[in-house]
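Here the structure is laid out as structure tokens; the discussion comes afterwards.
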Amino acid sequence: MDIPGPEPRADGGVAALAAAGGLHTYQLRLHAAYGPVVRFQLPGAGEAVSVADPVLLEATVGIDRRPERLFAFLDPLFEAGNLQAMPAGEHTPWRRQVLSALAGRPSHERHLPRFTELATALADRWDEQADHGPVGLQKDLTTLSLRMICGYALGGDTADPDRVVAAFEAVLTEHLGRLHQDPPSDPPGTSAGRAEEALAHLRATVDRVVRAHRSGGRAGSSDLIGALVEAGASPARIRDTVMAMMLAAHHTTGVAVSWTLHLLGGHPEVADRVAGELDRVLGDRAAPDYADLRRLRYLEMTLKESMRLYPPGPYGARETTGPLTVGDYEIPAGTTILYPFWAIHMNPDHWPEPEEFRPERFTPEETARRPRLAYVPFGIGPRSCEGAALAMVEAELVLAVLLKRFRFRPAPGHRVTPVERFVLWAADDIRMTVHRRTANQDRGDAPGRRPAAG
Ligand code: HEM
């Protein structure tokens, strides 16, 4: 059967996408009109196919190729080949090396004290703002997650972490700013020159850590760089990997936390339950240890539900390497599949009243009732997020530190508008007021407010 979809237009789909107000809304509309498998024009990438049914998606999980053209904007950041689009033969061993560090519990546990220090420093800063004007959650939390991933990827010995963070921000402003067509904030050429210098500084920093590993030093070492050195990766590939990790980790984890705080601000009854669980598990302690994180079940459910409603990475892309049967349809080789992760999370067949924020959707019983690909915040298959487990640890830790100490309320008159950028961003930040929790107020453990899980 031919895959259904709108008539192709001479403008390559630009007007239809603009009229829908963004790719997510466009995909939602296409699926509502044409069913679970749809073909459409993706501006700049020709024809693409979108699959929104979690059972049909299973047929695509083995695809191990991304369309190069869609990721070409990242080429200048890499020396040994664009890690987002590298061929399967190179990607598979690289993924294994990276996962050996990133997915390992010992590595997460080892970094928890440093992550806690960084999260506590932000909480201390917000404490000074408590009961005053609003803070910009997205800006501060993405900076925090950049600091965390720098500490993780480069180890504890980076001479000047602030300079590394500033250098990475200069690189991003130049490369992603161009992608989003942000108006330049500097005279022509200045920011490009600064980004070049910043990139050179980052690469030299990675080289220093690599040399320290080669000479056998462990103090302050990086698990990630250590795993790559031991696997015999080239210095250029190691430098690229650190860049890729910083790029993938910094906005995503930061926005996951800020969207969660935004949702809790609008749902005080859920915020009460989270606070009650934190009080029960942590007692008088200000931050969880690694074992506590596993006991904060309701907090985890809340984070998951937030990433369903606001998935930090709302799409994924693949290119079919051979003909593929998806339900009643044949998808030819060389087709771009644009995964609508966000639309999948809003599929009413699996998420009744999908717009509602309900952490209880993530009890083990409810989760077992759904097809596994109904929830895909970290993507699918051999190109799914290598940082998923680390990201959950980071996000839960930051939420625990902040919510043990504070209650967040929406800033009066501030409108939060999601926009689809490199990640799912809030157009004008998420501005909220911060209020200290006190012993007898806002404990959330009053009768009838017990956590549903945990
Ligand atoms: C809440 C935080 C995060 C979310 C929601 C997220 C989500 C995603 C998504 C949706 C993808 C694309 C997957 C696909 O195409 O199927 C991805 C890819 C990736 N993510 Fe994450 N991510 C997060 C944090 C992190 C962190 C902390 C790291 C590293 C430390 C990381 C490293 C990566 C890498 C390297 C890729 C590319 C995968 C590949 O091509 O092999 N991410 N992530």
Side-chain angles (χ1 to χ4, degrees), residues 51 57 60-68 70-71 74 77-78 81-88 90-99 101-104 107-108 111 115 141-142 144-154 222-225 227-228 237 240-260 300 303-304 306-319 336-342 344-345 373 375-399 420 422-425:
V51 182
L57 274 174
T60 73
V61 285
I63 306 174
D64 199 355
R65 186 185 176 90
R66 285 214 178 91
E68 280 176 22
L70 285 186
F71 293 89
L74 292 173
L77 297 184
F78 296 113
N82 188 330
L83 283 173
Q84 286 283 337
M86 74 181 156
E90 261 181 274
H91 181 266
T92 308
W94 173 84
R95 180 178 175 86
R96 203 176 306 123
Q97 292 155 16
V98 165
L99 282 175
L102 279 186
S107 180
H108 302 167
H111 286 84
F115 291 166
L141 288 165
T142 50
L144 172 64
S145 52
L146 180 54
R147 281 172 195 274
M148 285 178 160
I149 193 63
C150 281
Y152 182 87
L154 294 167
S222 151
D223 292 341
L224 177 66
I225 291 178
L228 292 164
R237 183 47 58 78
D240 288 353
T241 302
V242 171
M243 284 301 296
M245 293 304 152
M246 285 162 76
L247 187 70
H250 132 61
H251 287 120
T252 42
T253 314
V255 299
V257 176
S258 51
W259 285 120
T260 307
E300 182 184 337
L303 171 62
K304 286 182 169 170
S306 152
M307 292 198 294
R308 181 185 71 80
L309 281 168
Y310 295 111
Y315 318 104
R318 299 291 188 273
E319 188 175 298
T336 296
I337 297 193
L338 203 83
Y339 284 137
F341 296 147
W342 198 1
I344 294 166
H345 290 178
L373 298 181
Y375 183 63
V376 282
F378 295 108
I380 294 177
R383 302 276 168 150
S384 64
C385 178
E386 285 90 3
L390 179 67
M392 290 301 286
V393 168
E394 287 183 274
E396 283 172 36
L397 169 76
V398 174
L399 285 168
E420 302 161 19
F422 189 61
V423 295
L424 185 55
W425 197 246

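Computed from a predicted model, the values in this text were never measured in an experiment. By convention here, the first residue in the shown sequence is residue 1. Computed from heavy atoms alone, side chains included, the values below leave out hydrogens, waters and symmetry copies. For ligands, and for the atoms within them, numbers begin at 1 and follow the listed sequence.
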Would you say [X]'s side chain and [Y]'s backbone share a donor-acceptor pair under 3.5 angstrom?
| X | Y | answer |
| --- | --- | --- |
| Arg383 | Ala85 | no |
| His111 | Ser107 | yes |
| Ser145 | Leu141 | yes |
| Thr142 | His250 | no |
| Trp342 | Gly313 | no |
| Arg308 | His345 | yes |

Atom pair CE (Met246) and OG1 (Thr241), whose distance is rounded to the nearest 0.5 Å: 12.5 Å
From CZ (Arg318) to CZ (Arg66), nearest 0.5 Å: 5.0 Å
Near [X], which atoms of ligand 1 are under 4.0 Å from a heavy atom of that residue?
| X | result |
| --- | --- |
| Glu394 | 27 (C) |
| Leu390 | 30 (C) |
| Pro312 | 5 (C) |
| His91 | 39 (C), 40 (O), 41 (O) |
| Gln84 | 37 (C) |
| Gly379 | 10 (C), 13 (C), 14 (C), 16 (O) |
| Pro377 | 5 (C), 7 (C), 10 (C) |
| Ser384 | 13 (C), 16 (O), 38 (C) |

Do [X] and [Y] have side chains that get closer than 4.5 Å, going by heavy atoms?
| X | Y | result |
| --- | --- | --- |
| Phe115 | His108 | no |
| Val242 | Ile225 | yes |
| Met392 | Phe378 | yes |

Protein contact to [atom] [nearest heavy atom, distance to 0.1 Å]:
| atom | result |
| --- | --- |
| atom 28 (C) of ligand 1 | Gly387 CA, 3.5 Å |
| atom 13 (C) of ligand 1 | Arg383 O, 3.4 Å |
| atom 27 (C) of ligand 1 | Ala249 CB, 3.4 Å |
| atom 4 (C) of ligand 1 | Phe378 CE2, 3.3 Å |
| atom 29 (C) of ligand 1 | Met245 SD, 3.6 Å |
| atom 16 (O) of ligand 1 | Arg318 NH2, 2.7 Å |
| atom 24 (C) of ligand 1 | Thr252 OG1, 3.4 Å |
| atom 33 (C) of ligand 1 | Ala248 CB, 3.4 Å |

Identity of the nearest option to atom 41 (O) of ligand 1, non-hydrogen atoms only, from Met86, Arg66, Arg95, Glu386: Glu386
Proximal candidate to atom 18 (C) of ligand 1 [heavy atom criterion; set Cys385, Pro314, Gly313]: Cys385
Close approach, Ala244 and ligand 1, non-hydrogen under 4.0 angstrom: no
Heavy-atom neighbours of Glu90 CD exceed 12 at 6.0 Å: yes
Ile380-ligand 1 polar pair, N/O distance under 3.5 Å: yes
Nitrogen or oxygen atoms of Thr253 and ligand 1 under 3.5 Å apart: no
Proximity of Ile149 to ligand 1 by residue part, where a heavy atom lies under 4.0 Å: side chain
Met392 and ligand 1 - part of the residue with a heavy-atom distance under 4.0 Å: neither
Residue pair Glu394 / Tyr152, side-chain donor-acceptor N/O under 3.5 Å: no
Aromatic plane relationship, Trp94 with His91 - under 30° parallel, 30 to 60° tilted, over 60° perpendicular: tilted
